[in-house]
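Here is the structure we will look at.
Quantities reported herein were computed from a predicted structural model and do not represent experimental measurements.
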Amino acid sequence: MADPDQLAATVAAGYGFEGPALELGRLLVDADTLTEVPVRIPIAMLNRHGLVAGATGTGKTKTLQLLAEQLSAAGVPVFAADVKGDLSGMASPGEESPKVVERAASVGQQWSPAAYPVELLAIGGIGTGVPLRVTVSAFGPILLAKVLDLNDTQESSLGLVFHYADQAGLPLLDLADLRAVVAHLLSDEGRAELKTLGGLSTATAGVILRELVALEAQGAGAFFGEPELDTVDLLRTTEDGRGVVSLVELAELQDRPAMFSTFLLWLLADLFHDLPEVGDIDRPKLVFFFDEAHLLFRDASKAFLEQVAQTVRLIRSKGVGVVFVTQSPTDVPDEVLAQLGSRIQHQLRAHTPNDAKALKATVSTYPHSGYDDLGRVITGLGIGEAVVTVMDERGAPTPVAWTRLRAPQSLMAPSDPAAQAALVAASPLREKYGTAVDRDSARERLAARLEEGARKAAEERAAEARAAGAEPVEPEPRRRKPARKPAGRRAPQREPDLVRDVVESKVFRDVMRTAAREIARGVFRTGRR
């Protein structure tokens, strides 16, 4: 049993920050002893990243909501993935209840219902929100390989396809463009170019093509294209100085975890690319909540993990904080976990040997604790309670604090569908991103190339036909056409120059052009109807 007075004094000293901070709650010495010692996170330290972990149903989403509310009130824009749809309630004031009032009073919170400025977004327009899109070229081969579940060899081969498209001047905007390029490399016309790539076999290209078709069959085609999201639109504040909370609805994409988790990583990488270096600042320019993070790292390739670790390590200097939200700290690779300065650990369960192993690994990563058995504390946490340690203003870890968390002030449930629809209709981003654009890209250019090839082939065949014919002869004298054809007789054969007349006719050229177009459609749709 920890000494209550000594523990309270240690935690009070560790969390007595001078600058602005987010209020998490109050210190618990044990399950029955709640102190008046506040537990907080310095806003300036949130760009040193963080982790919110815990088993299903322990309150991770409510903790995310609590943090997002206070960040918005402090003028910091927030981006979060709304996996279950619950976070849309931030746009509506919370509902007072005896339970909420009791919780707030116990932690010294002056609770009142409040709504926050929310922007609803939807990947490819799948769900309620302003459509978010990205071009295939910007997404890149490494992230796309993760979505397609390619192995290392196939991933490197996909990179060669992207390289070929860049060199050949074939813009990759949507999945149809990428399918067109791969199909071209597998065609008779493209096989010679395929050999020049080196290391890209026909069989591997065929696998990539099949996976692309399957991905598009899942509806992912709506996600890739233009207009592409400008990530600066995630850094907005309102006229009264509050940060805009951008929520990406993922409720309808839960069966495609690789898609939405990899999309979130692309957003992070794009922010790193676009934002200037700012170093250490008083408050982050954006805090990025990466929900269901375990889906991102599952079966990830070495190249993918290296890209994640590098992005997380370097984006701090751009003023962006990243908070991973997942079930267990062991879901996050060591090279990423080592960079997370703040930890909010909800209850972990240890019902299996693997659970017990994960719990032991989790406890070993905490600084020295004033609790006799931190593992027992973590497994005994109630809903809305967490074990907390953060970076103080000097960059040192604070003492471990068993914390009863505050209650969010916005609605802790999805907003009314009508209210969500009205929010999307009034969005300033709707005009910019609401309508898809299909400009000239790889698919159209390859189709035009194929049509041009068919036209030249038709001209060559016509020239050969003319060359094979007899020398021109003087036309025969015009004969009077008989009034009637004798019954049963066949019409006389036309002269050989009929071939030339037909080939050179406008009708024939139109027919050949149509045929070439249909061939192109057949190739580039790859059997889809």
Side-chain angles (χ1 to χ4, degrees), residues 1-4 6-17 21-42 45-46 48-67 103 106-107 289 293-294 323-332 337-338 340-351 355-392 396-407:
M1 175 82 180
D3 182 334
Q6 181 180 351
L7 181 60
T10 301
V11 171
Y15 290 84
F17 312 124
L22 307 184
E23 301 291 339
L24 292 180
R26 286 190 172 177
L27 173 71
L28 281 163
V29 174
D30 55 44
D32 301 317
T33 309
L34 179 65
T35 71
E36 295 186 357
V37 176
V39 178
R40 314 155 76 211
I41 300 179
M45 290 294 106
L46 279 172
R48 303 300 178 95
H49 313 318
L51 175 73
V52 178
T56 301
T58 57
K60 297 190 301 295
T61 301
K62 299 301 179 286
T63 298
L64 191 163
Q65 187 171 345
L66 175 66
L67 296 175
R103 165 60 67 103
S106 70
V107 295
F289 289 92
H294 62 284
V323 179
F324 291 95
V325 183
T326 189
Q327 296 181 5
S328 171
T330 56
D331 295 333
V332 181
L337 191 63
L340 309 183
S342 298
R343 308 250 316 256
I344 302 175
Q345 177 66 64
H346 289 267
Q347 183 194 102
L348 284 179
R349 297 173 185 132
H351 300 319
D355 290 342
K357 184 177 179 181
L359 175 63
K360 184 178 180 181
T362 297
V363 171
S364 67
T365 62
Y366 276 87
H368 176 72
S369 167
Y371 298 94
D372 296 336
D373 188 342
L374 186 58
R376 181 174 295 179
V377 170
I378 292 175
T379 56
L381 292 170
I383 297 174
E385 296 178 1
V387 167
V388 176
T389 180
V390 304
M391 268 190 180
D392 66 18
T398 59
V400 176
W402 181 355
T403 308
R404 177 175 293 177
L405 299 171
R406 290 185 164 211

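- Panel note: side chain T35, backbone V37; a donor-acceptor pair is recorded below 3.5 Å.
- Residue I344 forms a side-chain contact (heavy atoms from CB on, under 4.5 Å) with just one option from L67, T389, V325, and that option is L67.
- R26 and S106 share no side-chain donor-acceptor pair at under 3.5 Å.
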Subject >> L405 vs V39, side chain to side chain contact (heavy atoms under 4.5 Å, CB included): CA-CA, chis, key distance, verdict >> reply: CA-CA 9 Å; L405 299 171; V39 178; over 6 Å; no

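- The heavy-atom pair separating V390 from P42 by the smallest distance is CG2-CD, 4.1 Å.
- Of the possible polar contacts, one joining the Y371 side chain to the W402 backbone as a donor-acceptor pair under 3.5 Å is found.
- Checking side-chain atoms of Q65 against main-chain N and O of K62 turns up no donor-acceptor pair under 3.5 Å.
- Residues L28 and T403 approach most closely at CD1-C, 4.2 Å, considering heavy atoms.
- Between the side chain of K60 and the backbone N or O of G54, at least one donor-acceptor pair lies under 3.5 Å.
- You'll find the side chain of V52 stays beyond 4.5 Å of the side chain of L64, heavy atoms only.
- Between the side chain of T379 and the backbone N or O of L348, no donor-acceptor pair lies under 3.5 Å.
- A donor atom on one side chain and an acceptor atom on the other are not found under 3.5 Å apart for S328 and D331.
- The structure places CG of L27 at 11.5 Å from CD of E36, a figure rounded to the nearest 0.5 Å.
- With hydrogens and angles left out, the side-chain atoms of H346 and T63 include a donor and acceptor closer than 3.5 Å.
- Judged by distance alone, with hydrogens and angles left aside, the side-chain atoms of T33 form no donor-acceptor pair with the main-chain N or O of D30 at under 3.5 Å.
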**OP:** Tell me, with the steps shown, if V400 and L374 meet side chain to side chain contact (heavy atoms under 4.5 Å, CB included).
**Re:** CA-CA 9 Å; V400 176; L374 186 58; 3.9 Å; yes

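- The minimum heavy-atom distance linking P399 with G14 is given by the pair CD-CA, 3.8 Å.
- Of all heavy-atom pairs spanning R349 and T56, the tightest one is NH2-O, 3.1 Å.
- Side chains of S342 and H49 form no contact here, defined as non-hydrogen atoms less than 4.5 Å apart.
- Taking the centre and axis of the six-membered ring of Y366, the NZ or CZ atom of R343 falls inside the cone set by 45° and 6.0 Å.
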Subject >> Residues R406, R103; criterion side chain to side chain contact (heavy atoms under 4.5 Å, CB included); working and verdict >> reply: CA-CA 7 Å; R406 290 185 164 211; R103 165 60 67 103; over 6 Å; no

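- For the pair Q347 (side chain) and L381 (backbone), a donor-acceptor distance under 3.5 Å is present.
- In this structure, F324 and L340 have side chains that are in contact, with non-hydrogen atoms separated by less than 4.5 Å.
- Smallest separation of non-hydrogen atoms from G370 and L7: CA-CD1, 4.1 Å.
- Summarising the geometry of L359 relative to A350, their closest heavy-atom pair is CD2-CB, 4.1 Å, with the distance given to 0.1 Å.
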Original post:
Yes or no on side chain to side chain contact (heavy atoms under 4.5 Å, CB included) for L24 and I41, after CA distance, side-chain angles and deciding distance?
Top reply: CA-CA 7 Å; L24 292 180; I41 300 179; 3.6 Å; yes

